[in-house]
Structure formats: structure tokens, C-alpha cells
Amino acid sequence: MRIATWNVNSLNARLPRVEEWLDYARPDVLCMQETKLADAAFPTMAFSALGYESASHGDGRWNGVAIASRVGLDDVTRGLGGPADDQGARLVAATCGGVRVHSVYVPNGREVASEHYEAKLAWYAELLAYLERTYKPTDNVAVCGDFNVAPEDRDVWDPAAMVGSTHVTAPERASLRALEDWGLVDSFRLVRSEDQLFTWWDYRAGNFHKHMGLRIDLVMLSRPLADHVTYALVDRNARKGKQPSDHAPVLIDIDV
DNA sequence: ATGGTTGCGAAGCAA
């Protein structure tokens, strides 16, 4: 199975790029974030024309997540089922090719110690509780998306410049580690150990070309899936050219 | 350098 995740930063603005990317990367499953579309506006036909079923969870202007699959898409659920769902449409799940797939868009947090930062940590806590009550770590579970946390300093363009900023604080990294302690694996790192492999670059100031970015988009896999990862890639080409998202897609191959 | 850019929607907010 080839599974991918991509924060598209408006599916309406990005649909041509997404169609082009599906055409050549041919993932079995693509998780998208920041679709910024209500479910009624989701371009279902554009995906079906390429052979993909799709599921969307969005309420319009901000946030919004979706899954496209060409290996089946069943038993769609939306949200965490708790108070953190007040923070917007940030999770959609479906069963695709024998894997329980989740597309997640973790809150940004804005400023450390702000109410938004505290809400981000609460969202993580509810995600963990959701996993604990819904699955066993031995199930085929994939949680893919924009986690808005760089797991380690090697995932940051300049760790010294980022000290005290969101995305790298100890509580945020501990939230991610708690998911790992439950049983999810940052699959990219199973096959890519190099420093400075980023998935997001600020639009401003030419940060992409200056290699000033963060690795915050992850494919987290339960152990039964992680044990069969064969390949991983950040497709930087998708961050280039005309009207790119500020995120690049991450692609993982699993021999299942 | 408290800058810079993009998307949405039509001014300012979020990222």
C-alpha cells in the first residue's frame, strides 16, 4: 500500500495540483488537510474520475480534512467525539484496504501559553484517548496528517531560532511521544534518517529556497504496518512551481 | 528585520 498525506491549504485552490499529483504518484490512499471546504462543496467527481472514492469532514472556511482511496473506503467517522471537536473539523477516518486510516489536522497553537496553545495540547490528549478507547495497538491503524509539531531538533531548520516557539516545545513533543508510547510509529524515520528533511516551509521570504522549514506532516503507523515500510519520500517537487501549497506531500510505501 | 505570503472573501484573520 502506498499511503500519502498532504496539507493542501485549500482544496479549491489546489485541486489542479492534487489531480496532477495523484496522476503520477498514484497513492492508494491520500489524506488531505486544510481542505477549507464544506462537505457539500467537496469535489467528489474530480476524485472519482481518477479512480478514487473520497470522504470529507469540513465546515467551510477553515480547517477541513479528507481521505481519497482507490482501495476501498468504508465506515467513515468524523471527529474525536469529545469537546475538542469544538476546535473545528480536524479528523476523518475510514477503512481503506484493510487499514483504519485517519486524516488529522492538529491545531496550530499560535503562541505558546495562549489559549490556542492549551487547546492544541487538549486536542492531542483527546486524540490519544480516542485511540485508546477505539483500537488496540495491534490493529492496522494509520494516523496521517499535519501534526503541527516537529518531533526532534533534526526536523527543524534552526533549532536555536525556534526555542520557545510553538511546534518544538517539550509539552508538544511529549504529546506526540504519547502517541508513540501507545503504539504509533513515525514511519518516515524508519527509512530516512537524514537531518533537515522538511514538509512545510513558510510562503514568506523565500523560505523554501533557503531550506528554512519544519517536518510536521507525519504518517504514524501501528506496529503491524510499520514493520513493513519499504520506502518514504517528501515530494519537494510538489512545493515548487505554480500555486503550490506551503506543505509538500509525504508518501510511504508499506508492503501489505 | 515583529518583516514576509497565501487563502478566503471582501476587512481582517489564520497560518
Side-chain angles (χ1 to χ4, degrees), chain A residues 5-21 31-43 46 56-66 84-92 103-124 127 144-151 155-169 171-173 175-176 198-218 234-250:
Chain A
T5 187
W6 193 3
N7 181 324
V8 296
N9 187 19
S10 170
L11 188 54
N12 191 45
R14 216 67 59 208
L15 186 58
R17 298 284 308 237
V18 172
E19 291 174 309
E20 174 191 48
W21 193 78
C31 295
M32 289 164 278
Q33 300 83 39
E34 285 204 82
T35 56
K36 300 185 180 180
L37 288 176
D39 291 344
F42 191 85
S56 162
H57 180 37
D59 47 26
R61 188 170 176 187
W62 286 304
N63 312 309
V65 286
D85 286 335
D86 291 348
Q87 296 185 57
R90 297 178 178 274
L91 184 150
V92 61
S103 179
V104 301
Y105 176 46
V106 177
N108 174 284
R110 302 193 196 178
E111 302 292 333
V112 173
S114 68
E115 61 180 312
H116 300 281
Y117 176 82
E118 298 301 328
K120 177 182 192 175
L121 299 179
W123 201 94
Y124 262 111
L127 175 60
C144 315
D146 179 354
F147 286 77
N148 268 317
V149 175
D155 301 311
V156 179
W157 68 275
D158 184 351
M162 287 286 294
V163 170
S165 301
T166 55
H167 298 62
V168 301
T169 65
E172 290 169 282
R173 285 177 167 169
S175 297
L176 201 53
F198 307 132
T199 65
W200 169 85
W201 303 259
D202 198 304
Y203 278 124
R204 297 168 288 189
N207 279 11
F208 177 71
H209 298 286
K210 292 188 252 182
H211 303 288
M212 295 166 62
L214 300 173
R215 189 175 72 91
I216 55 176
D217 299 273
L218 309 175
V234 178
D235 189 355
R236 296 181 77 260
N237 286 323
R239 181 61 176 77
K240 302 175 183 175
K242 188 180 176 187
Q243 286 193 293
S245 170
D246 47 352
H247 296 249
V250 178

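Side-chain atoms of A/Lys240 and A/Asn237 include a donor-acceptor pair closer than 3.5 Å. Inspection of the A/Trp21 and A/Asp235 side chains reveals an N or O donor paired with an N or O acceptor under 3.5 Å.
Comparing B/dC13, B/dC8, B/dA15 by their nearest atom to the side chain of A/Arg110 picks out B/dA15. Closest to the A/Arg61 side chain, of the nucleotides B/dA15, B/dA11, B/dT5, is B/dA11. If you check B/dG9, B/dA15, B/dA14 against the side chain of A/Arg204, the one that comes closest is B/dA15. The side chain of A/Arg14 lies closest to B/dT6 when the candidates are B/dA14, B/dC8, B/dT6.
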field: Working for side-chain contact (heavy atoms from CB on, under 4.5 Å), residues A/Asn207 and A/Phe198
entry: CA-CA 11 Å; A/Asn207 279 11; A/Phe198 307 132; over 6 Å; no
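Rounded to whole angstrom, the span from the CE atom of A/Met212 across to the C1' atom of B/dA1 amounts to 12 Å. Note: NZ (A/Lys120) to C1' (B/dA15) measures 11 Å, nearest angstrom. Look at CZ on A/Arg90: it is 7 Å from P on B/dA15, rounded to the nearest Å. When the P atom of B/dC13 is taken as reference, atom CD of A/Glu34 falls 18 Å away, rounded to whole Å. Between A/Trp201 atom CH2 and B/dG4 atom P there is a gap of 23 Å when expressed in whole angstrom units. What separates CH2 of A/Trp200 from C1' of B/dT5 is a distance of 11 Å, to the nearest Å. Computed from coordinates, the A/Gln33 CD to B/dG7 C1' distance equals 17 Å when rounded to whole Å. Note: CG (A/Asp202) to P (B/dA15) measures 13 Å, nearest angstrom.
Nucleotides B/dG12 and B/dA1, compared at atom C1', are 24 Å apart to the nearest Å. Separation of the P atoms belonging to B/dA10 and B/dT5 is 24 Å when rounded to the nearest angstrom. Taking atom P on both B/dG4 and B/dG9, the two are 25 Å apart, rounded to the nearest angstrom. The P atoms of B/dG7 and B/dT2 are separated by 26 Å, rounded to the nearest whole Å. For the P atom pair drawn from B/dG3 and B/dC8, the interatomic distance equals 25 Å after rounding to whole Å.
Between A/Tyr203 and A/Asn108, the one whose closest nucleotide on DNA chain B sits nearer the 5' end is A/Tyr203. Of the two residues near DNA chain B, A/Asn7 and A/Pro244, the one whose nearest nucleotide lies more 5' is A/Pro244.
OP1 or OP2 of B/dC8 lies within a sub-4.0 Å distance of a side-chain N or O belonging to A/Ser10.
The number of heavy atoms from other shown groups lying within 6.0 Å of CD (A/Glu19) is above 12.
Note on A/Tyr105: only backbone sugar-phosphate atoms sit closer than 4.0 angstrom, heavy atoms only; bases stay farther off.
None of A/Ile216, A/Val156, A/Val149 except one satisfies the side-chain contact (heavy atoms from CB on, under 4.5 Å) rule with A/His167; the exception is A/Ile216.
Classified by interplanar angle (parallel below 30°, tilted 30° to 60°, perpendicular above 60°), the ring pair A/Trp200/A/His247 is tilted.
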